[in-house]
Structure formats: structure tokens, C-alpha cells
**Student:** 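Below you will find the structure I want to go over with you.
Just so we're clear, the structure is a prediction, and the values are computed from it rather than from any experiment.
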Amino acid sequence: MYDYIIVGAGSAGCVLANRLSEDPDVRVLLLEAGPSDWHPFVHMPAGLAKLVGQKGVNWNYNTAPQASLGNRSLWWPRGKVLGGSSSINAMCYIRGNARDYDEWDDLGARGWYWDNVLPYFKRAEGNARGASRLHGGDGPLGVSDPVYQNPLSPVFIEAAHQAGHPLTDDFNGESQDGFGWYQTTTRNGARSSAATAYLKPARGRKNLKVITKALAQRVVFEDGHATGVVYSVHGKGYCEVARREVLLCGGAINSPQLLMLSGIGPSAHLRQHGIEVLVDSPGVGGNLQDHLDICAIQACTQRVTYDRISDVRVALEYYLRHKGPGTSNIAETGGFLRSRFAEDDRPDIQFHFVPAQLDDHGRHRLPGDGYTLHACYLRPRSRGRVWLASANPADKVRIEAGYLGDSEGRDLKMMAECVRLSREILAQPAFAPFRGKELFPGEQVQGEAAIVDFIRRKAESIYHPVGTCRMGADDDRSAVLDPQLRVRGVTGLRVVDASVMPKLVGGNTNAPTIMIAERAADLIRGKS
Ligand SMILES: Cc1cc2nc3c(=O)[nH]c(=O)nc-3n(C[C@H](O)[C@H](O)[C@H](O)COP(=O)(O)OP(=O)(O)OC[C@H]3O[C@@H](n4cnc5c(N)ncnc54)[C@H](O)[C@@H]3O)c2cc1C
């Protein structure tokens with residue numbers, strides 16, 4: 001018998017496993033559907049490019065065909081391994097904008113305002129630059145400046161400056177605006193995933209048990225109280241009992257699936273799949289938000305990109321000396337800006353510069369050398385939904401991503417602005433010694449109609465789905481959770497992961513998810 005059962009050893013689940021098992025009198029079980037994180041490509045930062053093809057550590061979701069995107073199904077990678085998506089992500093350490101959290105509080109997630117969440121960001125953070133008013137210096141999550149710099153990365157920063165944008169040396173500092181180097185979730189040149197940062201140091205504790213390749217199938221209830229979890233390992237079924245709480249940390253796709261499989265969700269939809277309704281909770285699976293992204297790709301006239309770099313040389317230098325391109329997260333630089341359409345004083349567009357050709361997430365290899373500028377609109381109005389495809393826990397859910405679905409067409413207008421601004425930066429003199437042909441959008445793509453067509457053909461996810469089990473105020477029927485992350489309508493059950501966000505933050509989502517879990521640990525222990 002355990003005190004807590006945690007489902008999912010991702011960004012949030014590993015934090016909870018560590019924090020809750022700090023008390024030797026508390027017994028914790030952590031169930032993870034994927035395998036251990038033994039694969040060397042998980043730990044060498046540049047290995048992320050190779051992980052794209054590793055089926056064994058990825059749920060490999062695809063959205064339903066998107067009418068607004070030429071009926072394409074977009075690839076949604078999600079980590080299925082210890083560390084979850086933090087073991088396969090691009091490691092950019094970004095918190096979003098301080099005002100995003102004040103907005104959460106305004107939306108009914110009381111207590112999640114900036115001044116109240118900042119201590120949890122700091123508690124998590126082990127920034128190699130040391131501690132300061134806004135940063136933590138000795139937290140479990142390694143955060144560092146680049147060890148290796150591709151020659152094109154400073155060129156990008158210079159080009160952004162030439163285009164009139166300010167520079168910054170800290171996207172998580174007093175102001176988020178500007179262009180510069182990303183700090184990454186790395187330590188001594190290796191990836192600092194939630195598993196290496198939080199789980200590994202706790203693995204020796206006798207009161208923490210971790211079971212990998214364990215697929216949670218449903219939560220068990222007695223008189224409306226969550227008492228355990230049914231799961232399977234290699235097709236064999238098991239059930240474990242939780243004395244205190246069951247904590248779902250399966251991420252924005254799987255946590256709503258598990259709630260629905262357990263009888264908590266939109267009642268008509270559950271009945272359609274023959275699932276007995278425990279709580280009619282219309283918000284489960286709804287409010288799905290993601291950052292849609294568009295890439296401009298330019299051929300490069302010099303052989304300085306990561307396109308044709310020798311894998312063997314990179315791996316040797318990395319494993320022998322922990323140096324060189326192997327330490328790079330590839331997206332070394334980027335920026336945040338307020339476009340001419342920004343609705344308030346927060347940045348509304350983010351850039352990631354990649355000194356390589358990144359077509360179709362790197363799954364489609366283009367010949368020669370080139371560089372890619374990703375741009376995404378940070379404040380999408382479109383919303384999607386996750387639906388059950390069947391009552392079988394092994395079946396993938398149906399993801400209606402809802403991209404570009406807002407009635408005012410603002411999201412599409414902003415994607416076009418992303419393309420315009422990307423081209424403007426790539427056209428600056430700093431790139432002159434390297435600039436070859438424009439491959440995407442392509443020189444023939446001019447004018448509004450052609451750019452919109454390009455977006456519909458080529459836009460992709462930049463991997464930030466959130467919001468499908470959102471928290472909110474008591475009188476909000478569509479809020480799945482209360483602000484303490486407790487599932488409404490039952491007791492003994494919380495959701496703790498990216499799905500709880502009421503609204504997508506203006507930036508990448510790993511650090512915010514880790515912050516959520518750090519604060520959740522205190523809420524669970526009655527310390528907050
Ligand atoms: C390719 C990629 C690049 C990204 N790049 C960045 C970046 O550079 N910076 C950044 O900040 N963010 C980035 N992100 C996003 C960030 O990593 C995620 O938002 C964050 O990791 C989500 O954390 P989570 O705890 O909600 O879910 P996850 O970390 O995905 O964890 C969920 C875990 O639950 C397990 N699980 C699910 N269902 C079950 C079940 N039924 N039974 C047992 N286990 C289950 C999963 O296998 C997984 O391990 C990226 C994501 C991806 C995929």
C-alpha cells in the first residue's frame with residue numbers, strides 16, 4: 001500500500017516523486033508508461049535531433065486532419081520515457097512572462113500570480129550564473145549558458161539587432177523582450193531532464209518505488225474517493241492502492257484521457273464509449289492550446305551549419321570531453337518581440353534560430369546546408385479538444401487541435417506577421433556572407449494570399465499543448481480542477497502537469513510545468 005500513486009514520470013511527475021518522498025514516512029509509487037532513460041541520445045543535448053526517429057521513447061501523436069492547414073495531420077511528439085517530454089525536448093529554459101501568471105489568477109486560478117509562483121521557479125532552478133532576485137542557484141534543475149556556439153548563432157543575434165530589435169542576456173530577467181542566447185536545461189554539458197534532476201537523486205530512497213513500462217488504465221474510486229490505480233505491464237493487469245491521493249501527471253494529452261477512462265468528463269461523450277459516468281465534467285479535454293510555428297529556411301553558402309556535421313566526431317568529442325557541438329541544443333539563440341499588433345506590453349512572437357535546415361521537424365532531410373528561423377505566435381485565440389477514440393486505454397486519443405480556428409482570423413494574421421518578421425531578420429547584412437537561396441517560403445511566395453497558402457502548407461506545432469484539465473474558480477463549470485489542482489466532484493485525486501494551465505504562457509512550457517509541480521508538492525503537503 002502506498003500513500004501517493006503518481007501516474008507519469010514526466011516534467012511534473014518526477015518533481016512530485018522527489019518532493020513527496022523527502023518524508024521517509026510517506027510511501028510513493030511512480031508509474032511510467034515508457035522505459036528508463038538509458039538511451040545516450042537522451043543525455044547528449046544534440047542527440048535531440050536523433051531522438052526524432054526513436055519510436056521507443058515517444059508517443060508519436062498525430063492530430064486529426066486540420067481543415068485550416070490543408071487537411072494535414074500535425075505530428076505531436078511527447079516523451080514516453082523517464083523524464084517524459086523533458087527527456088526529448090529542446091531544453092530552452094523559458095518561464096514565459098510574469099504577467100501570464102497574474103492572468104491565471106484573474107482567470108480563477110487563485111494563488112498562481114507571479115509573486116506567488118516566483119519562489120517555486122527559483123526553488124527548482126540551479127542556474128550556473130548563481131542566485132539572484134529572479135533566479136535560483138542551487139535547485140535540482142540545471143540551467144546553463146551554451147558550452148558550444150555554432151558560428152551562425154551570433155550572426156543571427158547581430159541580424160536581429162540590425163533589424164532594430166533590442167538584445168538581452170536573460171529572457172527570464174526583468175524584461176522578456178529582446179534577442180540573444182537561450183539558457184538551456186543542461187548541467188556540465190548534459191541534458192538536465194526532470195528524471196536526471198529530480199528522480200535520479202531520489203531513486204535510492206526506500207519509500208519510493210518506480211515502475212516503468214506501466215500503462216495506467218484508470219483510477220479506482222470508492223464512494224467518490226480515489227483509492228488506487230489499475231495499470232498494465234506487458235499486458236498483465238495490476239491494481240495498487242493509494243491511502244492518501246492519486247496524482248495524474250500524464251501530460252496534456254494523456255491526463256484528460258485517463259480522467260475520461262475513469263468516468264470523469266463530458267457525460268454524453270463518455271456514454272458514447274460505454275463508460276459509466278462518475279462526474280459530468282464538460283471541461284475535461286477542452287481548452288486545448290498550442291503554439292503554431294512557421295519556419296523560414298535559407299540555403300547557406302558556407303559549410304558552417306549542423307546539416308552535414310560528422311555524427312561520429314560529435315559523439316567522440318562529447319563522450320570523451322563533454323565539449324563541442326554535442327553539448328548544443330541546436331536552437332542556441334532566439335528572441336521575443338512585441339509585434340505591431342501586440343495587444344498589451346507582453347511579447348507576442350517568439351523566435352528560435354536553428355543553424356541547420358529543419359523541414360518537417362527535421363524528419364525531411366533537405367540537401368546541402370542551410371539555416372532555419374522558427375517563429376510562433378505566443379497568444380493564440382484558437383482552442384481545440386482531446387476526445388477519446390475508444391474506451392481502450394491502449395488506443396490513442398483523437399486530437400482536434402483547432403489551429404487557426406478563431407472567428408476573427410487573428411491567429412492567421414499573426415502567423416503571416418511571423419513570416420514577415422522572419423524574412424526581415426534573415427535579410428539583414430549580417431547574413432550576407434552566408435545567404436544562399438530562400439528555400440522556404442521561397443522567393444516566389446510574395447503577397448498575402450501566397451503567404452497564407454504557405455502557412456497552411458507548412459505550419460507545425462512547436463510542442464506546447466496545455467490546458468486540457470484546467471484549473472479555475474468554484475463557479476466555473478468548465479474548470480476541471482480547483483486552484484489546489486483537486487479534481488472537482490471527487491476527493492483524493494489531483495492533476496499536476498501542463499494540462500492544468502488555464503492559458504498558454506508566452507514561451508516554452510517545461511519550466512512552467514516544473515514550477516507547477518513544485519508548488520503542487522507544497523499544496524499536497526499542506527505547506528502552501
Ligand atoms: C520535441 C519537444 C521539444 C520541446 N522543447 C521545449 C523546450 O525547448 N523548452 C521547454 O520549456 N519546453 C519544451 N517542450 C515542452 C515541454 O517539454 C513540455 O511542456 C513538458 O515537458 C510537459 O510536461 P508534463 O509533465 O505535462 O508532461 P510530460 O513531460 O510529457 O510527461 C508525461 C509522462 O506521463 C507518462 N504517461 C502518460 N500517460 C501515462 C499512463 N497512462 N500511464 C503511465 N504513464 C503515462 C508519459 O509517458 C510521460 O513520461 C518540448 C516538447 C517536445 C515534445
**Student:** Could you check I524 against Y4 for side-chain contact (heavy atoms from CB on, under 4.5 Å), going step by step and ending with a plain yes or no?
**Tutor:** CA-CA 10 Å; I524 294 164; Y4 298 103; 3.5 Å; yes
**Student:** Can you tell whether the side chains of R379 and E343 come within less than 4.0 Å, N to carboxylate O?
**Tutor:**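 No, R379 and E343 are not salt-bridged.
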**Student:** What I want to check is whether the side chains of Q149 and S153 have a donor and an acceptor closer together than 3.5 Å.
**Tutor:** no
**Student:** In terms of side-chain heavy atoms, does Q183 have a donor or acceptor partner in N172 at a distance below 3.5 Å?
**Tutor:**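 Their side chains do not contain a donor-acceptor pair, so the 3.5 Å distance test is not met.
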**Student:** List the steps, then state whether salt bridge (charged side-chain N to carboxylate O under 4.0 Å, His left out) holds for D138 with R123.
**Tutor:** CA-CA 8 Å; D138 57 5; R123 181 198 279 183; over 6 Å; no
**Student:** Testing the basics here: between C92 and N329, what is the closest heavy-atom pair and its distance to 0.1 Å?
**Tutor:**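 Taking every non-hydrogen atom into account, SG-ND2, 3.7 Å.
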**Student:** Is the shortest heavy-atom distance from the side chain of V496 to the side chain of L16 under 4.5 Å?
**Tutor:** yes
**Student:** For V26, does its backbone N or O pair with a side-chain atom of N207 as donor and acceptor, under 3.5 Å?
**Tutor:** yes
**Student:** Using the salt bridge (charged side-chain N to carboxylate O under 4.0 Å, His left out) rule, take D3 and R27 through it: C-alpha gap first, then chi angles, then the decisive distance, then the call.
**Tutor:** CA-CA 5 Å; D3 292 291; R27 293 198 63 211; over 6 Å; no
**Student:** So S86 and N510, side-chain hydrogen bond (donor to acceptor under 3.5 Å, both in side chains) or not? Walk me through it.
**Tutor:** CA-CA 7 Å; S86 76; N510 185 42; 4.8 Å; no
**Student:** My understanding is that only one of D177, N97, D100 makes a side chain to side chain donor-acceptor pair (under 3.5 Å) with R346; could you say which?
**Tutor:** D100
**Student:** For the residue pair C469 and L259, what are the closest heavy atoms and their distance?
**Tutor:** SG-CD1, 3.9 Å
**Student:** Can you check whether V143 reaches T184 side chain to side chain, under 4.5 Å on heavy atoms?
**Tutor:**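 Result no, sub-4.5 Å side-chain heavy-atom pair not found.
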**Student:** Does L504 offer a backbone N or O that forms a donor-acceptor pair with the side chain of Q289 under 3.5 Å?
**Tutor:** yes
**Student:** Determine yes or no for a side-chain-to-main-chain donor-acceptor pair under 3.5 angstrom, with D348 supplying the side chain and S339 the backbone.
**Tutor:**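 Yes; at least one donor-acceptor contact below 3.5 Å.
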**Student:** Would R470 and S478 count as a side-chain hydrogen bond (donor to acceptor under 3.5 Å, both in side chains) here? Give the steps.
**Tutor:** CA-CA 8 Å; R470 78 174 172 90; S478 64; 2.7 Å; yes
**Student:** Step by step, would you call Q257 with K396 a side-chain contact (heavy atoms from CB on, under 4.5 Å)?
**Tutor:** CA-CA 9 Å; Q257 179 187 25; K396 287 181 175 173; over 6 Å; no
**Student:** Just say parallel, tilted or perpendicular for the rings of F171 and F336, cut-offs at 30° and 60°.
**Tutor:** perpendicular
**Student:** Identify the heavy atoms of I330 and V354 that sit nearest to each other, and give their distance.
**Tutor:**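 Heavy atoms of I330 and V354 come nearest at CG2-CG1, 3.6 Å.
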**Student:** Salt-bridged, R525 to D23, with N to O below 4.0 Å?
**Tutor:**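 The answer is no: the pair does not qualify as a salt bridge.
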**Student:** Could you report the tightest heavy-atom contact between T168 and G178, atom names first, then the distance?
**Tutor:** CG2-C, 3.8 Å
**Student:** Start with the C-alpha gap between W181 and D145, add the side-chain angles, then the distance that decides, and say whether side-chain hydrogen bond (donor to acceptor under 3.5 Å, both in side chains) holds.
**Tutor:** CA-CA 8 Å; W181 296 92; D145 293 305; over 6 Å; no
**Student:** Go through the structure and list residues passing salt bridge (charged side-chain N to carboxylate O under 4.0 Å, His left out) with D482, not counting sequence neighbours.
**Tutor:**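 Per chain and number, D482 pairs via salt bridge (charged side-chain N to carboxylate O under 4.0 Å, His left out) with R486.
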**Student:** Less than 4.5 Å apart, side chain to side chain, heavy atoms only: is that true for P502 and M471?
**Tutor:** yes
**Student:** Tell me if the NE2 atom of H269 is crowded by more than 12 foreign heavy atoms within 6.0 Å.
**Tutor:** yes
**Student:** Tell me whether the centres of the aromatic rings in W114 and F121 are closer together than 6.0 Å.
**Tutor:**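 So the answer is yes for these two rings.
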**Student:** Is there a donor-acceptor pair closer than 3.5 Å between any side-chain N or O of Q66 and the backbone N or O of G402?
**Tutor:** yes
**Student:** Between atom OG of S132 and atom CD of E174, what is the distance when rounded to the nearest 0.5 Å?
**Tutor:**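 With rounding to 0.5 Å, OG (S132) is 8.5 Å from CD (E174).
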**Student:** Could you go through the ring-ring contact (aromatic ring centres under 6.0 Å, His included) check for H291 and Y463 one step at a time?
**Tutor:** CA-CA 7 Å; H291 288 139; Y463 325 119; over 10 Å; no
**Student:** Say whether, by atom type as modelled, one donor and one acceptor occur between the side chain of S192 and the main chain of T186 under 3.5 angstrom.
**Tutor:**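 Not at all, since once roles are kept as given, no pair shorter than 3.5 Å links the two residues.
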**Student:** Distance to the ring centre below 6.0 angstrom and angle to the axis at most 45 degrees; does that hold for K209 and Y2?
**Tutor:** no
**Student:** Check for a donor-acceptor pair, side chain of R383 on one end and backbone N or O of R381 on the other, with a separation under 3.5 Å.
**Tutor:** yes
**Student:** Look at the aromatic rings of H39 and F41 and report parallel, tilted or perpendicular, splitting at 30° and 60°.
**Tutor:** tilted
**Student:** Where do K503 and W104 come nearest, in terms of heavy atoms and distance?
**Tutor:**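 Shortest heavy-atom contact: O-NE1, 3.0 Å.
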**Student:** Please list all pairs passing the ring-ring contact (aromatic ring centres under 6.0 Å, His included) test where one or both residues lie in residues 480-502, with sequence neighbours left out.
**Tutor:**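 Every candidate ring-ring contact (aromatic ring centres under 6.0 Å, His included) pair involving residues 480-502 fails, so no pair, neighbours aside, qualifies.
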**Student:** With a 6.0 Å cut-off (strictly less than), is the heavy-atom count around CG of N188, excluding the residue itself, greater than 12?
**Tutor:**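 Counting other residues, nucleotides and ligands, CG of N188 stays at 12 neighbours or fewer.
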**Student:** Short question: side chain of R385, backbone of V284 - any donor-acceptor pair under 3.5 Å?
**Tutor:** yes
**Student:** Taking the side chain as C-beta and beyond, is there a heavy-atom pair between L404 and M415 under 4.5 Å?
**Tutor:** yes
**Student:** Are any non-hydrogen side-chain atoms of D293 and Y377 less than 4.5 angstrom apart?
**Tutor:** no
**Student:** Between F156 and F353, how do the two ring planes meet: parallel, tilted or perpendicular, split at 30° and 60°?
**Tutor:**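 Parallel: the ring planes of F156 and F353 meet at under 30°.
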**Student:** Between CD of E460 and CG of L292, what distance do you get to the nearest 0.5 Å?
**Tutor:**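 The distance works out to 8.5 Å.
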**Student:** Is any side-chain heavy atom of W112 closer than 4.5 Å to a side-chain heavy atom of R519?
**Tutor:** yes
**Student:** Flag the pair V42 / L51 as yes when at least one side-chain heavy-atom distance between them is below 4.5 Å, and no otherwise.
**Tutor:** yes
**Student:** Establish, from distance only, whether the side-chain atoms of S255 and D497 form a donor-acceptor pair under 3.5 Å.
**Tutor:**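 Note: S255 and D497 side chains meet the donor-acceptor criterion.
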**Student:** The criterion is salt bridge (charged side-chain N to carboxylate O under 4.0 Å, His left out); which residues satisfy it with R95, sequence neighbours excluded?
**Tutor:**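 So R95 forms a salt bridge (charged side-chain N to carboxylate O under 4.0 Å, His left out) with E125.
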**Student:** Taking D105 for its side chain and G111 for its backbone only, find out whether a donor-acceptor pair lies under 3.5 Å.
**Tutor:**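 Pair found, side chain donor or acceptor close to backbone of G111.
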**Student:** Would N89 and R191 count as a side-chain hydrogen bond (donor to acceptor under 3.5 Å, both in side chains) if you check the C-alpha gap in whole Å, the side-chain angles of each, and the deciding distance to 0.1 Å?
**Tutor:** CA-CA 10 Å; N89 73 11; R191 178 192 290 272; 3.0 Å; yes
**Student:** Quick check against the 3.5 Å criterion: does E400 have a side-chain atom that pairs as donor or acceptor with the backbone of T63?
**Tutor:** no
**Student:** Check the pair T333, Y182 against side-chain contact (heavy atoms from CB on, under 4.5 Å), reporting the backbone distance first and the verdict last.
**Tutor:** CA-CA 5 Å; T333 55; Y182 281 117; 5.5 Å; no
**Student:** Taking N18 for the side chain and Y198 for the main chain, is one N or O donor matched with an acceptor at less than 3.5 Å?
**Tutor:** yes
**Student:** How close do I425 and A163 get, heavy atom to heavy atom, and via which atoms?
**Tutor:** CG1-CB, 4.2 Å
**Student:** With a 4.5 Å heavy-atom cut-off, do N60 and W76 have their side chains touching?
**Tutor:** no
**Student:** Quick one: do F351 and F179 satisfy ring-ring contact (aromatic ring centres under 6.0 Å, His included)? Show the steps, please.
**Tutor:** CA-CA 9 Å; F351 296 88; F179 284 72; 5.4 Å; yes
